[in-house]
Amino acid sequence: MSDRAPRTVERQLPTEESKDLLTLVRDIVEREIVPRASEEEEAGHFPRETFSLLSESGLLGLPYDSEHGGGDQPYEVYLQVLEELAAARLTVGLGVSVHSLACHALASYGTPGQQSAHLSAMLGGGLLGAYCLSEPASGSDAASLSTKAVRDGDDWLITGTKAWITHGGVADFYTVLARSGGAGAGGISAFLVPGDADGLVAAAPEKKMGMKGSPTAQLHFDGVRIGDDRRIGDEGQGFAIALSALDSGRLGIAACAVGVAQAALDGAVEYATGRRQFGRPIADFQGLRFMLADMATRVEAGRALYLAAARLRDAGLPFSRQAAMAKLFCTDAAMQVTTDAVQVLGGYGYTADFPVERYMREAKVLQIVEGTNQIQRMVIARHLAGPETR
């Protein structure tokens, strides 16, 4: 509709290396992801070849130590890479975030021997991971999970069902939280389970509103046997490990949300400056100009919020409250911005001829995953006013 190219986000990056990294990411996005994104999403194609390319390019382990194959990048940089990937295709951006989440337990709590044995392949060896916390009857109340891990000599037998697993059925490894002890958060341990383990079966992928190219499935564990050398951290430490991973993971979701919102804003601006009604571009009409201004403000505010939280994390300071705020604000903003983008395009926005309808469907799930936005409000309120009285 318009000869106006989408605006390149002007990023404040800390080093020349990180600037080169973003240039590499944008090149991969333009060559390998954007041209096929809409078609492959509609067909429900999982882009495993794209994740292999990202691994070869060193982009699947960016926030982890180079000693084990990571990229030694601060979260401030890693999250901006996620934003670029998600703006091109959320299946890819969110997939990288989930993979990073799945690596967190071993990278942060594993023994040197465990890290030496597994971490390099996870971070840069072409493997893809998934994170298994939720269950059919245990979502927001994750501490009530019922999947069991029972000692059998030097091994563990894991039995139960995990639900809503991104990359379920296609991942090469799963970080699994299971009940190894009594009731409550203190009875949960973390395990690293190979994707091809005997007794591990993935159900058919869920039929979703959006992100059709990203498989989400239940996983059934039927006495899956793994050695004690694949237990991560101490027995009973699993829930604390899970929560520490989710703080970082929420920042990943926030960055992905800003990427989707940015893509929707770019599409809306391009359409509004090219579409003519009443003899002039519709971008000339004040009502629509104000919509675009509000959309752009939400995108910029979300980006500033997630980057502020990332910089706290990089400095080794507490960031749990800020991570919850970033996840809450950025995903709500993405839902509003993508909805407004559809409105800017009018009837065309409701068709699959333009990607804004896909962005709107994808934005919805970001308000749900890795802690619903209602849970984020609870987390923020606890930081402000203390735990709820019972």
Side-chain angles (χ1 to χ4, degrees), residues 4-34 37 50 53-54 57-64 66 70-90 92-97 99-100 248-270 292-315 317 319 322-323 325-327 329-331 333-334 337-338 341 355 359 362-363 366:
R4 179 191 181 101
R7 181 177 68 88
T8 299
V9 176
E10 297 179 3
R11 300 195 178 278
Q12 302 299 314
L13 296 165
T15 64
E16 288 300 319
E17 179 188 12
S18 59
K19 292 176 184 178
D20 292 341
L21 176 63
L22 262 291
T23 299
L24 169 65
V25 171
R26 285 171 170 166
D27 180 61
I28 291 173
V29 160
E30 291 303 316
R31 286 188 298 105
E32 304 293 339
I33 301 177
V34 169
T50 299
L53 174 61
L54 295 177
S57 304
L59 299 177
L60 286 191
L62 286 177
Y64 294 108
S66 58
D72 273 335
Q73 291 299 316
Y75 246 64
E76 173 186 4
V77 173
Y78 160 67
L79 293 179
Q80 293 185 77
V81 170
L82 281 189
E83 184 191 327
E84 295 275 344
L85 294 172
R89 186 177 178 189
L90 183 58
V92 177
L94 186 69
V96 173
S97 181
H99 174 81
S100 181
S248 298
R250 285 165 180 163
L251 291 181
I253 299 302
C256 287
V258 171
V260 172
Q262 181 70 60
L265 172 63
D266 290 342
V269 170
E270 181 182 15
L292 295 175
D294 286 344
M295 293 162 69
T297 300
R298 288 187 175 95
V299 172
E300 294 283 357
R303 183 175 294 122
L305 190 56
Y306 86 64
L307 285 174
R311 288 166 184 144
L312 288 175
R313 185 190 188 281
D314 291 335
L317 298 172
F319 69 101
Q322 290 83 357
M325 288 177 168
K327 198 274 184 183
F329 182 88
C330 293
T331 59
V337 169
T338 56
Y359 301 149
E362 291 176 341
L366 298 175

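For the side-chain contact (heavy atoms from CB on, under 4.5 Å) with Leu62, the qualifying choice from Val77, Leu79, Leu21 is Leu21, the only one to do so. Partner of Ile28 under the side-chain contact (heavy atoms from CB on, under 4.5 Å) criterion, out of Leu59, Val92, Leu85, Thr50: Leu59 alone. A side-chain contact (heavy atoms from CB on, under 4.5 Å) with Val81 is found for exactly one of Val96, Leu22, Leu54, namely Leu22.
Taking CG of Leu53 as the start and CZ of Arg31 as the end, the distance is 7.0 Å to the nearest 0.5 Å. From Arg26, atom CZ reaches atom CZ of Arg11 across 5.5 Å, with rounding to the nearest 0.5 Å. Here OH of Tyr75 is found 8.0 Å from CG of Leu82. Values are rounded to the nearest 0.5 Å. Put simply, CD on Glu32 and CG on Asp27 are 8.5 Å apart, with the number rounded to the nearest 0.5 Å.
Across all their heavy atoms, Ser97 and Tyr78 have their closest contact at CA-OH, 3.6 Å. When all heavy atoms of Ser248 and Phe319 are compared, the pair lying nearest together is OG-CZ, 3.7 Å. The shortest heavy-atom contact between Cys330 and Ala254 is CB-O, 3.6 Å. In terms of heavy atoms, Ala309 sits closest to Leu251 at CB-CD2, 3.6 Å. Listed here is the closest heavy atom pair of Leu265 and Leu292: CD1-O, 4.1 Å. The two residues Glu84 and Val29 make their nearest non-hydrogen contact at O-CG2, 4.1 Å.
No side-chain heavy atom of Val269 sits less than 4.5 Å from a side-chain heavy atom of Met295. Side-chain contact between Tyr359 and Gln262: absent, with no pair of heavy atoms (C-beta onward) separated by less than 4.5 Å. Between Leu366 and Glu362 the shortest side-chain heavy-atom distance does not fall below 4.5 Å.
No side-chain donor-acceptor contact under 3.5 Å links Lys327 to the backbone of Tyr306. Although no hydrogens or angles enter the test, the distance criterion places a donor-acceptor pair under 3.5 Å between the side chain of Tyr64 and the main chain of Ser100. Without hydrogens or angle criteria, Thr23 side chain to Lys19 main chain gives a donor-acceptor distance under 3.5 Å.
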Could you walk me through whether Gln80 and Leu307 pass the side-chain contact (heavy atoms from CB on, under 4.5 Å) test, one step at a time?
-> CA-CA 8 Å; Gln80 293 185 77; Leu307 285 174; 3.7 Å; yes
Can you check side-chain contact (heavy atoms from CB on, under 4.5 Å) on Leu94 and Ile253, steps first, answer last?
-> CA-CA 7 Å; Leu94 186 69; Ile253 299 302; 3.1 Å; yes
After noting the C-alpha distance and the side-chain angles of Gln322 and Arg313, does the key distance pass the side-chain contact (heavy atoms from CB on, under 4.5 Å) rule?
-> CA-CA 10 Å; Gln322 290 83 357; Arg313 185 190 188 281; over 6 Å; no
